[in-house]
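What's counted below: heavy atoms across the whole structure, side chains too, no hydrogens, waters or symmetry copies. Lettering follows sequence order; numbering is per chain, from 1.
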Amino acid sequence: MSTKSVAPGEELQDFIRDIVRDDLASGRVKSLLTRFPPEPNGYLHIGHAKSIVLNFGLAQEFGGQCNLRFDDTNPVREEMEYIDSIQENVRWLGYDWGDNLFYASDYFQQLYEWAEYLINEGKAYIDDQSAEEIRETRGTLKQPGKNSPYRERSVAENLDLFRRMKAGEFAAGSRVLRAKIDMASGNVNMRDPVIYRILHSPHPRTGDAWCIYPNYDFAHGQSDAIEHITHSICTLEFADHRPLYDWFIENLPVPARPRQYEFSRLNISHTVLSKRRLIQLVEEEHVKGWDDPRMPTISGLKRRGYPPAALRDFARRVGVTKSDNLIEMALLEYCVRERLNKTAERRLAVLKPLKVVIENYPEGEEETLEAINNPEDPQAGKRMLPFSRELYIERDDFMEDPPRKFFRLAVGREVRLRYAYFITCREAVKNAEGEITELRCTYDPATRGGDAPDGRKVKGTIHWVSAAHAVPGEVRLYDHLFKVPEPGSDGDYIADLNPDSLTVLSEAMLEPSLAGLEPGSAVQFERQGYFAVDPDSSPEKPVFNRTVALRDSWAKIQAKK
RNA sequence: UGGGGCGUAGCCAAGCGGUAAGGCAACGGGUUUUGAUCCCGUGAUUCGCAGGUUCGAAUCCUGCCGCCCCAGCCA
């Protein structure tokens, strides 16, 4: 399976890969070891996918390895449920970490010992100040902080206090362990950062074994060192933490010297990718859960029908740099179409049905016509479509007063029914309200299959489904979750939500082969778009999600008017 | 003069002193039983701005401008 958009043999080019090549070439590292380090406190989204594809992709490209490591240092926010969904998501994206599944919590004992080591070295101390006091004495971005009154405690007292913290003698928040670095540093992260805090809450994996927990800064780099990670890749907001990351590596007897590199996080137009905002969308029910097909979460994209290969391709196409970016949703959609065009079988489905009666087709008669499953893939074979006197076509494929360039049906005009016959519309039947309820047409028996023996041409080909054989179903049409490229750029992002992001069509008519497909199956409804079977689907009532519409140059022309 | 990062086409992005790759979008045209796919063609005398070094600068130097991140006992 080809998962790359780059030509065979062509190497991806970015600053991370430059560094990796140099390190491998110079022998600084003998083999590459990366890691993907999610915190199990939420669902993964496409921004994480970029990181996953980078870290696992690097390992694949350079014959290295990528570990999956949960950064589970904060028991008050983390849950087992997320640990499971994250693993599922990474696997679904197509990556395998083998036996290399780790948890920062696996290292709690080692981390604790290193904390004591720092105390013994006179490089860490117990601070009795409250959180507010610590904040107040940290200084501001432009002014240095003040030393804590507890900063010069003896090693013995620090050790005693730290052990009693561990033993559970103190209340949460009453004391913390701080690294003794420099309260006047221009980098706020270096102003005696807190590295251990008291948290009397059970941990999803270690239970009540601990009541003190290391924080991110004290756990991440050391975990990298324990695993002998060579390149610890994270996003730009951690660049300010790198001096601290390095400080621990230099001041602790760690078994390896990993290095941290930062790249800019992914931003995509017409959606949001921050955990906080995603949670709000779910909690305030602007969407129907984490896997709502409009969500940029991995589970949402999966339910929407986005193929993992398209996501991988997308992640590679956006590149890896340090500059702020806003990738147009159009690029993601392009990747999805490109993939699905090659893999999705074609089907006929009428979303907004309009009945058609073929007056000169014998009543009670029916026949089957051959249709190609995927013109892009001969291996996909063919199928048979039932045809009869009464059909449904798309309402949008008929116009009473059509403009000149309208190639579809109108009274007096002839079009081709895909894989079937040429038909000519004779009359549009209306009800009392003046709405068109039915089209009376005639067909040309000589055009069976869709070609006229006399060589005459028709401008349009439309899709259809035999009324007697059609399977009714529900089709969910999705549009951008937000109506503007940058939600919240001028005010509240909630106000930018697209009220029409979901349209449910409950009276769609599907060709028979569309019934009974497995949830997740992807098909193309010809002339309309790619659709995926929703988990809500049942053989009695199929439900399809529109993954992405086909490119539509006719709609584009219409929009210009 | 807090610290850190970034500025190449509408959106991304190569480029690493030798005279601006590529993709998406847009716009033309061709093929077509999906107004789809596919194919062909169209963009930067210029790389945030201003100086300087050099035979030669997007690439080196200096100054300026703009944008993003940091003051959780979150990650």
Side-chain angles (χ1 to χ4, degrees), chain A residues 5-6 10 13-14 18 37-39 41-42 71 73-74 76-78 127 129-131 134-136 138-145 172-178 184-191 193-199 213 215-217 219-220 234-243 262 264 269 275 317-335 337-338 341-342 346 348 371-372 375-376 405-408 416-420 422 447 449-451 457-463 485 524-529 549-557:
Chain A
S5 63
V6 290
E10 189 182 331
Q13 187 74 46
D14 57 64
D18 285 346
E39 183 193 12
N41 75 335
D71 234 325
T73 56
N74 187 353
V76 327
R77 329 199 322 170
E78 296 152 7
D127 196 338
Q129 293 184 109
S130 66
I134 289 178
R135 184 179 353 102
E136 283 160 12
R138 184 152 30 224
T140 68
L141 293 179
K142 296 190 176 183
Q143 292 161 209
S174 60
R175 278 176 239 263
V176 291
L177 179 68
R178 289 230 251 173
S185 172
N187 181 342
V188 186
N189 294 300
M190 299 299 270
R191 317 235 264 231
V194 169
I195 58 179
Y196 257 93
R197 69 294 211 194
I198 300 170
L199 256 25
Y213 295 92
N215 67 354
Y216 169 84
D217 288 306
H220 204 96
C234 59
T235 44
L236 236 38
E237 61 270 28
F238 290 99
D240 288 338
H241 293 246
R242 193 176 58 237
E262 313 87 18
S264 55
S269 72
K275 210 171 262 184
R317 280 175 187 262
V318 299
V320 181
T321 68
K322 294 166 91 97
S323 40
D324 291 334
N325 59 77
L326 183 65
I327 309 296
E328 292 173 340
M329 183 66 88
L331 177 63
L332 213 206
E333 293 178 341
Y334 169 84
C335 293
R337 285 193 195 101
E338 184 188 58
N341 176 48
K342 292 178 194 139
R346 268 112 254 226
L348 301 188
I372 293 165
E376 305 291 323
K405 290 292 195 59
F406 187 76
F407 301 153
R408 284 107 95 144
R416 169 165 42 231
L417 292 179
R418 171 132 246 223
Y419 296 126
F422 284 11
T447 58
D451 278 310
K457 303 287 183 194
V458 287
K459 292 293 274 287
T461 298
I462 65 175
H463 59 279
Q524 181 198 100
F525 289 174
E526 294 213 25
R527 302 209 306 132
Q528 304 190 109
L550 247 31
R551 240 210 216 102
D552 188 348
S553 54
W554 169 244
K556 201 178 279 181
I557 292 167

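The side chain of A/Leu331 sits closest to B/C24 out of B/C24, B/A71, B/G5. Looking at the side chain of A/Asp240, the nearest of the listed nucleotides B/G15, B/G4, B/A75 is B/G4. Here the nucleotide nearest the side chain of A/Leu236, chosen from B/C73, B/G5, B/G3, is B/G5. Comparing B/A75, B/U34, B/G2 by their nearest atom to the side chain of A/Glu526 picks out B/U34. When distances are taken from the side chain of A/Asn74 to each of B/A71, B/C12, B/C74, the shortest belongs to B/C74. Closest to the side chain of A/Tyr334, out of B/A75, B/C24, B/G72, is B/C24. Picking from B/G7, B/C11, B/C74 the nucleotide with the shortest atom distance to the side chain of A/Ser323 gives B/G7. Relative to the side chain of A/Val188, the nucleotides B/A36, B/A71, B/C27 differ in distance, and B/A71 lies closest. Of the candidate nucleotides B/U34, B/C73, B/G2, B/G2 has the atom nearest to the side chain of A/Lys142. Listed nucleotides B/G72, B/U34, B/C12 differ in distance to A/Pro375; the shortest reach to its side chain belongs to B/U34.
A distance of about 15 Å separates the C1' atoms of B/C11 and B/G7, rounded to the whole Å. The separation of B/C40 from B/U62, taken at their P atoms, amounts to 46 Å, rounded to a whole angstrom. A gap of 23 Å separates the C1' atoms of B/G30 and B/G23, to the nearest Å. The same atom, P, is picked in B/A57 and in B/U19; the two are 12 Å apart, to the nearest Å. Comparing B/C74 with B/A58, their P atoms sit 50 Å apart, to the nearest whole Å. When the C1' atom is used for both B/U34 and B/C38, the distance is 13 Å, rounded to whole Å. If you take atom C1' in B/G18 and the same atom in B/G2, they sit 41 Å apart, rounded to whole Å. Atom name P, nucleotides B/U54 and B/C39: the rounded distance is 49 Å, in whole Å.
Ranked by how close their nearest RNA chain B nucleotide is to the 5' end, A/Arg242 and A/Tyr419 are led by A/Arg242.
The residue A/Ile134 sits close to a base: some heavy atom pair falls under 4.0 Å. Looking at heavy-atom distances under 4.0 Å, A/Thr140 makes contact with a base. Among the heavy atoms of the strands lying under 4.0 Å from A/Gln129 is at least one base atom, whether or not backbone atoms are also near.
Relative ring orientation between A/His241 and A/Tyr216 is described as perpendicular, the plane-to-plane angle rising above 60° on a 0-90° scale split at 30° and 60°.
A close approach under 4.0 Å does not occur between any side-chain nitrogen or oxygen of A/Arg138 and OP1 or OP2 of B/G3. For A/Arg317 and B/A13, the shortest distance from a side-chain N or O to OP1 or OP2 is not below 4.0 Å.
A straight line from OH of A/Tyr196 to C1' of B/C73 spans 14 Å, rounded to a whole angstrom.
Taking the O4'-C1'-N9-C4 or O4'-C1'-N1-C2 dihedral as appropriate, B/G72 has a value within 90° of 0 and is therefore syn.
Separation of atoms CG (A/Leu199) and CZ (A/Arg77) is listed at 11.0 Å; rounding is to 0.5 Å.
No donor-acceptor contact under 3.5 angstrom links the side chains of A/Asp552 and A/Gln528, judged on distance only.
Counting only Watson-Crick and G-U wobble pairs whose two key distances fall under 3.5 Å, RNA chain B forms stems of three or more stacked pairs at B:2-7 with B:65-70, B:10-12 with B:22-24, B:26-30 with B:38-42, B:48-52 with B:60-64.
Using a cutoff of 4.0 Å between basic side-chain nitrogens and carboxylate oxygens, A/Arg551 and A/Glu333 are not scored as salt-bridged.
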